Amino acid sequence: MKFNRILLSTTLVVVALVIQVSVLARLQLPGAVPDLVLLTVLGLALVYGPVSGSLIGFGAGLLADLAPPADHAAGRYALVLCVIGYLAGLARPDNGRLKSASGPMAVVVVAAVGTTLLYAGVGALVGDTAARHVGLGFLLFTAAVYDLLLAPFTVPLIMALARRAENDPLAEATAGGTDVASGWLSSGTGLRIGNQRGGLRVKAARTRASRAGRIKGVKRL
């Protein structure tokens, strides 16, 4: 993963986790809790692809496993988000841009249901039966509704930030070990304009010199 991906992903995941633990988890909504960490992983995976999505999902899930007041085995949610991040990354278009909102919203609903099912399934393997007491069907419904309501305010913003960081010429040149100036030139930014201005100045100076030579009767090549 590139340095700018790691930095942006870490920042967004930490912010999402803090908001989820300190705000969303305290709303005491019926059923599931709105999963801002999941939405963050989905937004990044839809831009970065399956490999980066799985790595981001694993890291985000591991942080969620260790963050208080976690009451389950460490690594459980990391495994779930790793799988979900990989699958969500498979829905990434070739250019990293989605033409409509229906695609991301469908991914959010499937991911919310899949995360709940995988989390409950892994919990059943380790002897955690908490989902049975609440009702798995109710958890699936509330998880899909809450995440779907929260997604329009988070997923597009996360995807826009990820695309902007991915297209940052300075970050790409630094991560790839290439010349910074070449990255700026290839992206059509200020250095290209500066070179054009410099070329115009040289051309204007030559024109003035040629005119002065003709006036003095001196032939210039």
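Because the structure is a prediction, the values reported are computed rather than measured.
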Heavy-atom pair of closest approach, residues Val155 and Gly43: CG1-CA, 4.2 Å

Between CZ on residue Arg26 and CD on residue Gln20, distance to nearest 0.5 Å: 12.5 Å

Ile56 side, atom CD1; Cys82 side, atom SG - distance, nearest 0.5 Å: 11.0 Å

Ala143 to Thr116 - nearest heavy-atom pair and separation: CB-OG1, 3.6 Å

Non-neighbouring partners of Leu149 that pass side-chain contact (heavy atoms from CB on, under 4.5 Å), sequence neighbours left out: Val145

Leu17 with Leu27, same ILVMFWY side-chain cluster at under 4.5 Å: yes

Show every donor-acceptor pair shorter than 3.5 Å between a side-chain atom in residues 103-114 and any protein atom, with sequence neighbours excluded, or say none if there are none.
none

Heavy-atom donor-acceptor pair, Arg164 side chain to Ala160 backbone, under 3.5 Å: no

Lys/Arg cation over aromatic Tyr119: Arg76, 6.0 Å, 45° cone: yes

Any residue meeting side-chain contact (heavy atoms from CB on, under 4.5 Å) with Pro156, in chain and number order, not counting sequence neighbours: none

N/O donor-acceptor pair under 3.5 Å between Ser9 side chain and Ile6 backbone: no

OG on Ser54 to CG on Leu87, rounded to 0.5 Å: 10.0 Å

Closest non-hydrogen atom pair, Ala60 against Val13: CB-CG1, 3.6 Å

Using residues 29-41 as the side-chain source, report each donor-acceptor pair under 3.5 Å to any protein atom, sequence neighbours left out, with the distance given to one decimal.
residue	atom	partner	partner atom	Å
Asp35	OD1	Val37	N	3.4
Asp35	OD1	Leu38	N	3.0
Asp35	OD1	Tyr77	OH	3.4
Asp35	OD2	Tyr77	OH	2.1
Thr40	OG1	Leu36	O	2.9

Residue pair Arg5 / Ser52, side-chain heavy-atom distance below 4.5 Å: yes

Identified side-chain contact (heavy atoms from CB on, under 4.5 Å) partner of Ile158 from the options Val47, Leu46, Leu42, Leu12: Leu12

Which atom of Gly75 lies closest to which atom of Asp65, heavy atoms considered: N-OD2, 2.8 Å

Heavy-atom pair with the smallest gap, counting every atom of Ala165 and Asn4: O-ND2, 2.6 Å

Heavy-atom pair with the smallest gap, counting every atom of Ala45 and Ala88: CB-CB, 4.1 Å

OH (Tyr146) with more than 12 external heavy atoms under 6.0 Å: yes

Close side-chain approach of Leu81 and Phe58, heavy atoms under 4.5 Å: no

